[in-house]
Structure formats: structure tokens, C-alpha cells
Amino acid sequence: MTLGLTFTAPLLLIGLAAAGIPWLLHLLSSVRAREVSFPTLRFLRSSMQKTARRRRIQHWLLLALRSLLLAALAVAVAQPITQSTGGWAGNPRYAAVLVVDNSLSMTAPGPGGSTRLEYARGQAAALLGGDDKPAAAALLTSAGPEGTAELTGQLDRVRGDLAGAESSMGGNGLAGRVARALDMLAESTLPARSVYVFTDMARDDLAELAELRSKAAQDGVHLFVVDCRGPQPATNVGVTDLSVTGRRVRDGSLEVSATLANGSQTAQNVEVRLEVDGLPDSPSLRRTLTPAGADGSIAAMRFRVRPRAAGPLVGRVRIDGTDDIPADNVRHFAVPIADRARALVVRGPASPDDPPGKDDGAIVHWALSPFADPARRHPITSTLIDAEADWLDRLHAADAVFLVNVPEFSPEQASDLARFAADGGTVFFVPGQATRPDAWNRRLVEGVSAEGGLLPARLDEPVGQLGPVAPGQPITEADLAHPYLADLHDSPADFPTLLVKRRFPLEPTLRPGRSLLRLADGGSMLMVKPFGRGLVVLLGTAASPEWSSLTLRLLVPLAQRIALLAVPDLQAPAGHPAGTRVLLTWPGERITPADGKVNFRVTVPGQDEPETVAASGVRDRWEGEFARTGRPGVYRFAPGDNPANAPAAFAINPIGSESAPTSMEPGPFLAMLAESGSAGRTYVGSSLTEVTAAARASAEPTGWWDAVLAVAIVLLAVEAVLANRHRLLRDVVPAHLDPARAPARG
Amino acid sequence: MARTPYSYFQPDRVARLANLGIVARQAVEGFISGLHRSPHKGFSVEFSEHREYSPGDDVKHLDWVAFARTDRYYIKQYEQETNLRATILLDLSNSMAFRMTSELTKHEYGCHLAACLSYLMCRQQDVVGLVGFDRDIRFHMPPASTPAHLDRVFRALERNLPGSQTALADTFHQLANTLAKRGLIIVISDLYDEPSDVVRALQHFVHKKHQIIVFHLMDPAELDFPFKGICSFVDMETRQKLQVDPRHVRQAYRDEVRQFVETYRKECSDRNIEYVLTPTDTPYDQMLLSYLSRRRVLKR
């Protein structure tokens, strides 16, 4: 890999032998000094002793200068040149960050019968163990833990981390790691810096990598990309996405939707099945996927699930059959399932002789729980109670309370309803024939000081006529974005035409609620208002079908949705991408630690010892973060070791793009880099040797003979000054002091 | 310049010094009264002759009568002053033969100085003797003040050239034992011997109640060491050689010589010995004029 110093005329380097001439002359020659008569030598002798050290240094310095001068001249004549590409030229003092792609696609077969990851590890090891190994190195893996996350001169440590690098998922991806590598190299003081990327050149990764090209070029970093694909393209079909929609309560209906993608260059027949709690839940589905990139290469497969119990619902969608990347053939999900929604229906006075259709409370109760048998599968459990009875004691066992045709409320009832809503419950007021609006307003608006009153609006005296021929007003405006009304129908056009004959006009209070339904005259017919942590809903008409056509067309699904959404904590994601941090939550009411400390014990798939996560109390729950999510599968967690704590669960899955490992060819990749003018610092090849050769081929020679000659001239000048400065001055010793020529005296 | 048969006696230069006597700083004993403080109080003072006034003469000796008569200033001179007994010790070692840029070698400079001083002292009725020495005493002329004696002194200076090594201390001890009567000892030498030994020998003269003046002759080249290029220096007395690049040792040499001179200056001062560093590029008459003027000031 070395692109070091070379010479145009290396034979002339024989001139380096001339550097020994000064030393030879020093050994062989002696100075012929002239003799000078002097009165006494006593002062000269002592002066010589005092200056001996300084004179010796000057003497050897002069000798060294002369040798260097001759050596520099010899080197200059030999015309030294270096091949350099902006700093990378086999410089032994260079820092290298090795970025190894350990994503799922690297488990596919690679060059020489090994996997792509094994080939990448081998190439990286060759760099660390070769003659041109870097002075400092670091290892970053694209997924999972970073690797050797700092530059170090201890290459053995980097080799150790490299040997332990396994296929993983998640993390910042290849581009994220290269960005991290550039940041690390920016802090390096070594003269040359390089990033070596060992990857199968998956298109998504390289596209992001190309966006870093300008930064790498600015930093003077050379990018070497070793293509680890091997000769054969991978055959792969994977589950790239999975979602769980529907009511996450016991006996609710859930839809599991899995997205399949064919990453192969040929069509693939797949058979997909859903497993819940380890057992097949529904018949498998078959589909033929067209080659990657074509229409039909991606398909969505849907399954219906009805959870039979509260607690975590754990399952997976699996593709039967094998391909080059089996790890993405399975995608897990884990969703929390609440117990049935508990509804309390408080009904106003009704005659026992009235048919059920004339009993407003019974209508709502029937809408919530159409099956009288509680053993039947239904997600809502409804309890019907007369308003005259003592129903306040039952509030604690309800998620939502429906107050239907209640004439009036006592102060205690108003206060308990406000507390129920403030604590997170949902209160649905449905006035009726027996309702006295002034009594409602007095107790539920003026009587509740918080939030501007419990009701979202004040009730006026009812207006409109009843009867088969009585005129009605249509509902002309519906807030379909609100969860109570969203997705009730496939499209807004399917929203039914609703007529209201008799109603209670709703007047705004100091803090009015949000209007979900409006009549043609602008009057609100359904209002909702947050109250504390709960919700208060007010219908502007009675539940009786004599008052409006809402009863069958809207009230039934609306009441069910209000009851189901009253159950908290149903919106957790079905799965998390590998490598992300997952927030673990646990209801605080279920545990009361003696020492005030709670630890979650997390069971990791494929790992015997559970992990421990410290939790902290947040309002009415405990929360903790779990970050070691590199392995796909279902993770279960519970606070402490108490077996009474049935564990919750979450699922970790690969990143979907890894299931479609369409690779980019080196040519188009370099062409993409060339658009920014930075391709000159990026070299792509199928091996370390190849990328080095590419770098060498692009290197340009730089001549140094003129610089060396300049150094020689400077050395010559310094030598001349040092050696001859005494000769620059006039010789002032007169002839009569020469003992040989002085006239004899005496 | 007046021509004389003597190499080292130049009357025109000496004339500039004629009105400056050698003034002893302490009482000396003699048989001729001179310009010296006498230990014999009340001794008669008789007029001898006039001489022309020179700047620096004490105006109390001006003869105002002669001024009125001739309109010129004359100084009255008296014959009955205590005489000065001086002995000049001249170094004749080989190192005294050194000269670089000066006109005279140290030996020639010393001879001129000795001749001049001898003439001046004889002229003011003082007696002066001369001793030439190197490793040994080469000749010894007892003090006298007659013209014939002066003639012998001048001829001895011309005859005796530098010729051997120096042994100042031994020679001085020997002379201190020889010179019985106290008087003025004038040493003319480059003092190239161990300073402590030389000073101890001079102390011997002081012990014998002599007053001592040391003229330390140094060529400017000995003080500044201005040599260039690598030289092999040959000791003028021992003939030993030492190869030196003067660039490297110049500053150290100057420091050594400065310390050498300062040692003599301090040791002489501590022993009440007059020490005069005399670079040989300074004309000896100028040097003497300056020195004798300083002595007159001291006398007052």
C-alpha cells in the first residue's frame, strides 16, 4: 500500500557516500596554524579549559552541517518524488476508522463461500495486521454497539472488537457511523486520515453515505469502500413492516398487517402465517411477489386477531421457506391488551311498562353490551343502574359513566363526577325527557368551580317537536378527525344523514368544550371537553329515537368508542426498530416499593440472564428506558422478582430496508460522488488490495528536488558563515610576531 | 627632536616633564635636600636659582621682584631640601620583548621610562640607581646623581636586552635585602609571575620602609587579544606552543587578564603601593606627565 518516497534517478544516490568526506578529512587532515610569539600562555591555557565544551560542540556541528550539505546535494540530484493524493500516500502516521457493515444483509453469502460479514472482518483484519497498518484505529459497526468507539494505538484491542462483531440490527446505519468516524478523525492530530467502509453496498446506505462526501472532502479524509457482496446477488424476501390496529381490549378486534418485500432479482412465492402466543392463529396466506423494483414486489398481508385475555398480546408474522437472509423472515409484535371496558349506565326514571325502545338508559346499555351473557366475547362490560339508586359507590369500578335522562344531580353527585373525570374517567351526559336543564346547569356548571364547570356547555330548555311528521334539522358538520368519530366509516361521504327533531340548545360556558357535531343553524349537538385527566362528553339531544335519528346510526358506535377509549394505555407501538431506546412503563398503583426504588427486570430473547433497568416514578406510573435492543424478538419485563407481577412485553424487529438489499454498483456510486467533485478521495473495490490500487492509480507524483536543493543552499550558507567568519576579518597579526621571521634579539 | 647619543633619552620629551619632580608620599631620609618633606624640622632653606614658571607650579614660590624687573614669571628654587634616593628595577625578561601594534616593545618602553625618570631625578639633585633583572639580577648600579652616573645609566639601558625567563618574587626579595637605606623603588615590569608571590615580595620592600611605584607595562594586544585565525602561540620565555582559535577564547582571555590586573591593583592598594597600569601604546611622556601631575596634587 506504500506510496512513499521514490527517485527518478536512484543510481545517483550513490552520491550519498560523499556525506562521509568531511569525517574522512577530519580524521586524516591536520590544521597548519601559523606561529605567533606571545609573552605568556598562562591566560590562554586557562581560557582554553573554560571554553573547551563550547568549542567542541561548534566543531561537531560544523562537521554535521558539511555532511548534511553533501547528502542533500546527492538526494537533490537523484530527484526525489512522492505520490500523494492530498495526504494519503502510505503515510505510516495515519489514523483509520474501520466501519464494518454488520446489518442483516451482511449475513448473505459473500466472496469465497463465507458470509459477507466474515469477508468484511477478514479484510479489516488484513488492514490492521499488514505492513501498512495505521498508527491509530477505531472500529465502528453499523448496527448494535458502536465497537471501538475511540481512536487508539492499541491495534490488538481493535482486532479483538473486530473478531467479536456479529450481525446486528438498528443503530444509526452505515451513513450515521461514517459521520461519527469523520467526527472522530477531526479530533485526530495525525497527518493523514482515512475511513475504510466494509459493506455490501446496499443502495439505501450508500445513498445516505454519498451525502457525507462533501464533509469528508473538506476534512481531507480519504474514503475506501470495500465491496463485500461477492459474485452472486442475494435471494431474499422479508417482512419489512408490521402494524396492529383495532381496539386493544379483551375480546376486541385487532388487525395485524404485515408488509412483505422481495429483494431478489427473481419472482418469489411466499407463504405467510400469523402466530399468537407461539401457536398458529389463522390459516397461512400465499402470495407471489415480482422481482425487486417491479410493481408487485411489495405486498401487504392482513390477519384478524381477537385477544382472549387482558395482558400482553405477543405474536409474530413468519414467512415459511428459506432464503439468504433468514433473520428478516419473522417480524414480532407485542401489544398491551386491557381488560374489557367497564361502563356504568345511570338511567333516569322510566316506567317498567315502557318498551325498551322508550327507555333511554336501556338503549345506551344495549348499545354498549348487546350480549346479555357476560361470558360472550365482547370488549365492553356494561352495568345499568337507576339514578335514584346509590350509584356513586360504583364509580371506582368504571372506566366510563353514562348519565342518561337523569333529572338532576345532588351536590355530592356533581362533586364525585368531577373527581371521577379529573382522575381520568370519561363522563358522557345524555339528557332526556326527564332532564331539568336549570338543575343540570346549577349543579354541573355553577356547582363545579374547576375547569369552568363540569359540562362542556350549558343546557337550555328543549326546543323542537316530537312525532312522525315533526320537522328536523340535519347534522351538517362533523369533526371526523376526533378519535370518537374518526374512521367510523371508510370515507367522510359515508357519514350518515342525521336529523334532529327535538334538542337541548347548548350554550357556551366560560371554558366551553369542542364541538364535534353541528346542526345546520350552527348549534352544537355533541361537545367534548377535557377535565383533569379525563373527558366530559355532552349530547345535545336525548337517546330516544323519537328525538333524533342519531340513536341507531351514531349513538351505538359512539357509545362503544367512548367506552373503549376510556381504557388507558392502549396506544403503545406494536414493535420497535432494533437499536432504539424503548420506554418501559408500569402502572404505579400496582406496586408500592418499600424503599422507594423500583427496578425492571427485562428478559432478552436468546439471553439467559435478565437485564436490570432502574425505574423512576412519573405521576401515577413507573418509567425506565431500555437501550440494549440489538436482538430481534419479544422482550418481557416486570418490576422486581414478585411472580404476581405478570410481565409486560415489547417487540424488537429489524429495520425494514435491510430486507431489500439491492446493491449499488461501484461505477454509478462513483459517478454520484463525481457530481460533487469529491470522488477523487473515494476509492471503491472488491478488496483491500483493489482499493489501495485505485488510490495508487489516482496518485500524482510530486517532485521534491528543488526543495532539497534549497535546503542544500541554506546548509551551504550556514556552513560558510560558521566556518569562515574569522576569515572575513582582516588578519591583524603582524609579521614580527612570527618566531621564524622575527629578528633575533639580545 | 634634539639629537643625543642615547637611544632611550629624548630631551624634547623630557623637557615637558622638567618642572615636575618626583614627590615622595612619605618622608625619606637623605643627604641632599629636595622637594620632599623632611623629617628634620627647622632645617634652613636657601635660595638656589630661578626657573621659569610652568602651569601647575605653586604660586607662593613666584619671585615677584623678578617679575617686576623682567615682566616674566620665575619660580624661586631652594637647595636645602631633603634628597630622594630612588632605585629603578627594570624587568629584562623575554616577555618584555613583545610588541604587536605599538611602536615600542615593552622593554623599549621601559627603557625610555627609566631614562626619563633617571634624568628628572638627577636634575633635581635626587640620587637614582638602576637594577636590571630577569631570572637573576643582571646588573646593579647604586644610586648617584652625577652626570657621569646618568651617562652610565643610559648606556646600561642600551646594552642590556631581554634574554631570559622571569623570577620576579625571588629577585625582589633579594633586592629588598640588598637595599639598606629606605627610598623610592620604581618597578618597571610586565609582572608575569604569580601575583601573590610578587605582591609578597613587594611587601618586603614596604617592610624596609621603602616607597614603591609599580609601572605595569602591557601591550594593548595583551589586553585585547585581537588575533584572528587559528594560531600556534609560542611562549616567549619557555618556547612552549599552544594552538588556539582566538575566536573561541577571546572573551575568556580578556576576563583572565582583567582579573590578573585587578588582582595587582587591589593587592598594591592594600599595601600602600602605587600601581600604574601602563599600556605601551600610550606615549611614555604623556603617561609620566599625567602621573607626576597626580603626585603633585597628592603632595599638597
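Residue numbering restarts at 1 for every chain, and letters A, B, ... go by the order of the sequence lines. All of these numbers come straight from a predicted model, not from anything done at the bench.
- Residues A:Met48 and B:Gln243 fail the side-chain proximity criterion, which asks for heavy atoms closer than 4.5 Å.
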Could you go through B:Phe225 and A:Phe38, starting from their C-alpha distance and side-chain angles, then the distance that decides it, and tell me whether this counts as ring-ring contact (aromatic ring centres under 6.0 Å, His included)? CA-CA 10 Å; B:Phe225 202 64; A:Phe38 203 65; 5.7 Å; yes
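- The CG atom of B:Asp255 lies 7.0 Å from the NZ atom of A:Lys50; values are rounded to the nearest 0.5 Å.
- Counting heavy-atom pairs under 4.5 Å between each of B:Lys241, B:Gln251, B:Arg159, B:Met96 and chain A puts B:Lys241 at the top.
- B:Lys106 touches chain A through its side chain: at least one heavy atom from C-beta onward sits under 4.5 Å away, while N, CA, C and O do not.
- Other residues, nucleotides and ligands contribute only 12 or fewer heavy atoms inside 6.0 Å of the CD1 atom of A:Ile14.
- Panel note: side chain A:Ser47, backbone B:Tyr253; a donor-acceptor pair is recorded below 3.5 Å.
- The main-chain N or O of A:Thr40 is never found under 3.5 Å from a side-chain atom of B:Asp235 such that the two would form a donor-acceptor pair.
- Between atom OG of residue A:Ser37 and atom CZ of residue B:Arg99 there is a gap of 12.0 Å, rounded to the nearest 0.5 Å.
- The distance from the CG atom of A:Leu44 to the CZ atom of B:Phe233 is 6.0 Å, given to the nearest 0.5 Å.
- Counting heavy-atom neighbours within 6.0 Å of A:Gln154 CD, excluding the residue itself, gives a total of 12 or less.
- Contact detail for A:Pro39 and B:Glu222: the closest heavy-atom pair is CG-OE2, 3.2 Å.
- Here B:Arg239 contributes atom CZ and A:Leu41 contributes atom CG; the two are 10.5 Å apart, rounded to the nearest 0.5 Å.
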Derivation of the side-chain hydrogen bond (donor to acceptor under 3.5 Å, both in side chains) call for B:Ser232 and A:Glu35: CA-CA 4 Å; B:Ser232 179; A:Glu35 292 189 341; 4.6 Å; no
B:Glu256 vs A:Arg45, test: side chain to side chain contact (heavy atoms under 4.5 Å, CB included). Steps then yes/no. CA-CA 10 Å; B:Glu256 291 285 327; A:Arg45 286 201 180 92; over 6 Å; no
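- The distance from atom CZ of A:Phe43 to atom CD of B:Gln259, rounded to the nearest 0.5 Å, is 9.0 Å.
- Between A:Arg42 and B:Glu194 there is a salt bridge, with a side-chain nitrogen of the basic residue lying less than 4.0 Å from a carboxylate oxygen of the acidic one.
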